[in-house]
Amino acid sequence: MFMSNQTLHERRAAAMAQGQGALHPVYVDKARNAEIWDVEGKRFIDLGAGIAVTNTGHNHPKVQAAVQGQVERFSHTCLMVTPYESAVELAEKLTEIAPGSTPKKAMFVTTGAEAVENCVKIARSYTGRSGVIAFKGGFHGRTNLTMGLTGKVKPYKAGFGPFPAEIFHAPYPNAYHGVSVEESLAALDDLFLCDIEPSRVAAIIIEPVQGEGGFYPAPAEFMQALRKRCDEHGILLIADEIQTGFARTGRMFATEYSGVEPDLMTMAKGIAGGFPIAAVVGKAEIMDQPAPGGLGGTYGGSPIGCAAALAVLDVIEEEKLCERALEIGQRMVGRLQQLQARFPARIGDVRNLGSMIAMELVVDGDVNKPDPELTKALITEAASQGLILLSCGIRGNVVRFLPALTISDDLIDEGMDILDRCFSALS
């Protein structure tokens, strides 16, 4: 029986809460690598990768085979009841590839928000302190605690308060918007003077590249200064690598660009090629502070997720996806800069770290005049022409590109051609 996108969208509206939104009324029938086909047979080039989840492409054969093999054996026993080798092997590999030389341990959960919450739990347990400092524009999840940490109101925090106490926000360094590293550090020091003494701060959490906030990379000197302040005050440094991890930025983890070793890291999204699993990896002494039973979850460390994640790590290494991420970023940024040269009044900035790429849209070339209307129109028009894009930014005016790291040059060029046509028509 033929099922249209419109019919499914009507069924969805009647049965599902509107709060769990849908950017495009495109109902997927199948997907391969960097392409999606909807239930009506229309093909789309996917430059969103499920929000940086399918870094190895949709249905990578190696990941698919690993999952099928695991399902044939067993799908769930609960890691905390009767564990299995794949979880041990994955923990070994994640602790080996995490930045820094300090011995590390891992724990598994199901979602990125759970990973963030467990980082805070572990930090509070280890330090005996309660305060947490996050950054304006940051995104850490949709649970109550992670919404409190998130530094973007709409749509994540509006109407959902109150949020937990002892959470404080400092400005994130952002050269394009005139916030220098020195100003950010001065504001952090001001927090210590005016809001919470550093001896009461358990952790500082930061995205090495802000995701929902607008794809702004943290300068290496800022990350290094944070590490120094944390060391001076006995504060733990948490790197939220949920969107930046697993070769997305041209390194396995974006923190590597700064040479900083975090105390704790969150991992999710690209970890398992589309299968739900997340992890906290941190220094062994810190990770071992909570007593047995203090950490975990029924589905944490799913055997299916473990099998997929192990396959993803193999694919990243075998297909040299860190190197490929740099090539993709260079190719796409080149096209975006050509577009910017033609429309300098509309494209205020083009930036990237590897294949985490953004184009910020403004009015009259003015950084202080965001253009969320053009951003929304562009994403809608691109979808109508067979190109899936995403937006981000606290002002809703950033187009973000998160292609599969297995995408071909031909598909990149085809997608950029569609973007060019759509942008030219709208501008």
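- Of all the heavy atoms in I328 and P403, the pair that sits closest is CG2-CG, 3.7 Å.
- V109 and A279 get closest at one heavy-atom pair: CG2-N, 4.5 Å.
- For the pair C306 and A87, the tightest heavy-atom approach, listed with the atom from each and the gap, is SG-CA, 3.7 Å.
- Heavy-atom contacts from other residues, nucleotides or ligands closer than 6.0 Å to NZ of K376 number 12 or fewer.
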key: Test log, rule side-chain contact (heavy atoms from CB on, under 4.5 Å), inputs V280 and M265   = CA-CA 6 Å; V280 175; M265 294 176 63; over 6 Å; no

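- Using a 4.5 Å cut-off on side-chain heavy atoms (C-beta onward), W37 and K42 make no contact.
- Scored by the salt bridge (charged side-chain N to carboxylate O under 4.0 Å, His left out) test, D413 finds R331 as partners (sequence neighbours excluded).
- With hydrogens and angles disregarded, no donor-acceptor distance shorter than 3.5 Å links the side chain of D190 to the backbone of A186.
- Taking CD1 of I238 as the start and OG1 of T266 as the end, the distance is 8.5 Å to the nearest 0.5 Å.
- A side-chain donor-acceptor contact under 3.5 Å links S258 to the backbone of V260.
- Taking the six-membered ring where the residue is Trp, the centroids of F401 and F215 are separated by 6.0 Å or more.
- At least one donor-acceptor pair closer than 3.5 Å links the side chain of E207 to the backbone N or O of F139.
- Judged as a ring pair (Phe, Tyr, Trp, His ring centres under 6.0 Å), the pairs with a partner in residues 292-320 (not counting sequence neighbours) are, in order, H76-Y299.
- Looking only at distances, no side-chain donor or acceptor of T380 sits under 3.5 Å from a matching main-chain atom of A377.
- Contacts of E183 classified as side chain to side chain donor-acceptor pair (under 3.5 Å), with partners at least two apart in sequence or in another chain: S180.
- If you check the side chains of E241 and T244, you find a donor sitting under 3.5 Å from an acceptor.
- Legend: residues meeting ring pair (Phe, Tyr, Trp, His ring centres under 6.0 Å) with Y126, ordered by chain and number and at least two apart, are absent.
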Side-chain polar contacts of residues 27-34 - donor-acceptor pairs under 3.5 angstrom, sequence neighbours left out - could you list them?
{"residue": "Y27", "atom": "OH", "partner": "H9", "partner atom": "ND1", "Å": "2.7"}
{"residue": "N33", "atom": "OD1", "partner": "T406", "partner atom": "OG1", "Å": "2.4"}
{"residue": "N33", "atom": "ND2", "partner": "T406", "partner atom": "O", "Å": "3.1"}

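- Counting only residues at least two apart or in different chains, ring pair (Phe, Tyr, Trp, His ring centres under 6.0 Å) contacts with residues 300-326 are absent.
- Ring centroid separation for the pair Y176 and Y216 does not come in under the 6.0 Å cut-off.
- Checking side-chain atoms of H233 against main-chain N and O of I235 turns up no donor-acceptor pair under 3.5 Å.
- The closest donor-acceptor contact from the side chain of T127 to the backbone of A123 lies under 3.5 Å.
- A salt bridge does not link K93 to E96: none of the charged side-chain nitrogens sits closer than 4.0 Å to a carboxylate oxygen.
- In this view, S355 satisfies the side chain to side chain donor-acceptor pair (under 3.5 Å) rule with no residue, not counting sequence neighbours.
- Remark: side-chain polar atoms of S384 are paired, donor with acceptor, to backbone N or O of E381 under 3.5 angstrom.
- In this structure I388 satisfies the side chain to side chain contact (heavy atoms under 4.5 Å, CB included) test together with H24, F44, D46, sequence neighbours excluded.
- In this structure, a donor-acceptor pair under 3.5 Å is present between the side chains of E360 and H177.
- Residues A272 and I277 share a closest heavy-atom pair of CB-CG2, 3.6 Å.
- Legend: salt bridge (charged side-chain N to carboxylate O under 4.0 Å, His left out) pairs involving residues 260-279, not counting sequence neighbours, sorted by first then second residue: K104-E261, R227-D263, D263-K283.
- Using a distance-only test at 3.5 Å, with no hydrogens or angles considered, a donor-acceptor pair links the side chain of T95 to the main chain of A91.
- Looking at L145, V120, V132 one by one, the single match for side-chain contact (heavy atoms from CB on, under 4.5 Å) with P164 turns out to be L145.
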task = Could you walk me through whether S391 and V398 pass the side-chain contact (heavy atoms from CB on, under 4.5 Å) test, one step at a time?
result = CA-CA 5 Å; S391 64; V398 178; over 6 Å; no

message = With side-chain contact (heavy atoms from CB on, under 4.5 Å) as the criterion, how do L419 and L378 come out once you've worked through the C-alpha distance, each side chain's angles and the decisive distance to 0.1 Å?
response = CA-CA 8 Å; L419 175 73; L378 177 62; 3.9 Å; yes

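- In this structure E85 satisfies the side chain to side chain contact (heavy atoms under 4.5 Å, CB included) test with no other residue, sequence neighbours excluded.
- Nearest heavy-atom pair, F253 versus T249, reported as atom, atom and distance to 0.1 Å: C-OG1, 4.4 Å.
- The environment of Q18 atom CD is sparse: at most 12 non-hydrogen atoms of other residues, nucleotides or ligands sit within 6.0 angstrom.
- In summary, the aromatic rings of F135 and F222 are positioned with their centroids under 6.0 Å apart.
- Residue-environment remark: NZ (K157) exceeds the threshold of 12 foreign heavy atoms within 6.0 Å.
- Taken to the nearest 0.5 Å, the CD1 atom of I45 stands 5.0 Å off from the CG atom of L411.
- In the model, Q340 has no side-chain atom that pairs as donor or acceptor with a side-chain atom of R335 under 3.5 Å.
- No side-chain donor-acceptor contact under 3.5 Å links E72 and Q68.
- Counting heavy-atom neighbours within 6.0 Å of R11 CZ, excluding the residue itself, gives a total of 12 or less.
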task = Please test Q64 against H58 for side-chain hydrogen bond (donor to acceptor under 3.5 Å, both in side chains), starting from the C-alpha separation and ending with a verdict.
result = CA-CA 9 Å; Q64 189 175 24; H58 295 291; over 6 Å; no

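- No more than 12 heavy atoms of other residues, nucleotides or ligands shown are found within 6.0 angstrom of CD on Q330.
- Here E35 contributes atom CD and I407 contributes atom CD1; the two are 8.5 Å apart, rounded to the nearest 0.5 Å.
- Within the structure, side-chain hydrogen bond (donor to acceptor under 3.5 Å, both in side chains) pairs that include any residue of residues 136-145 comprise E117-T143, H140-D240, T143-T146 (at least two apart or interchain).
- The pair D38-R43 does not meet the salt-bridge criterion, since no charged nitrogen lies less than 4.0 angstrom from a carboxylate oxygen.
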task = Let me see the working for V63 and T56 under side-chain contact (heavy atoms from CB on, under 4.5 Å), right down to the final yes or no.
result = CA-CA 9 Å; V63 178; T56 51; 4.2 Å; yes

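- Among all heavy-atom pairs drawn from T255 and M223, the shortest one is CG2-CE, 4.2 Å.
- Between E197 and R200, at least one side-chain N (NZ, or NE/NH1/NH2) sits under 4.0 Å from a carboxylate O, which counts as a salt bridge.
- Between R400 and E212 there is a salt bridge, with a side-chain nitrogen of the basic residue lying less than 4.0 Å from a carboxylate oxygen of the acidic one.
- Of the possible polar contacts, one joining the Y172 side chain to the A218 backbone as a donor-acceptor pair under 3.5 Å is found.
- Every residue meeting the ring pair (Phe, Tyr, Trp, His ring centres under 6.0 Å) condition with F423, not counting sequence neighbours, appears here in chain and number order: F343.
- With respect to the salt-bridge test (charged N to carboxylate O, under 4.0 angstrom), the residues R129 and E166 do not qualify.
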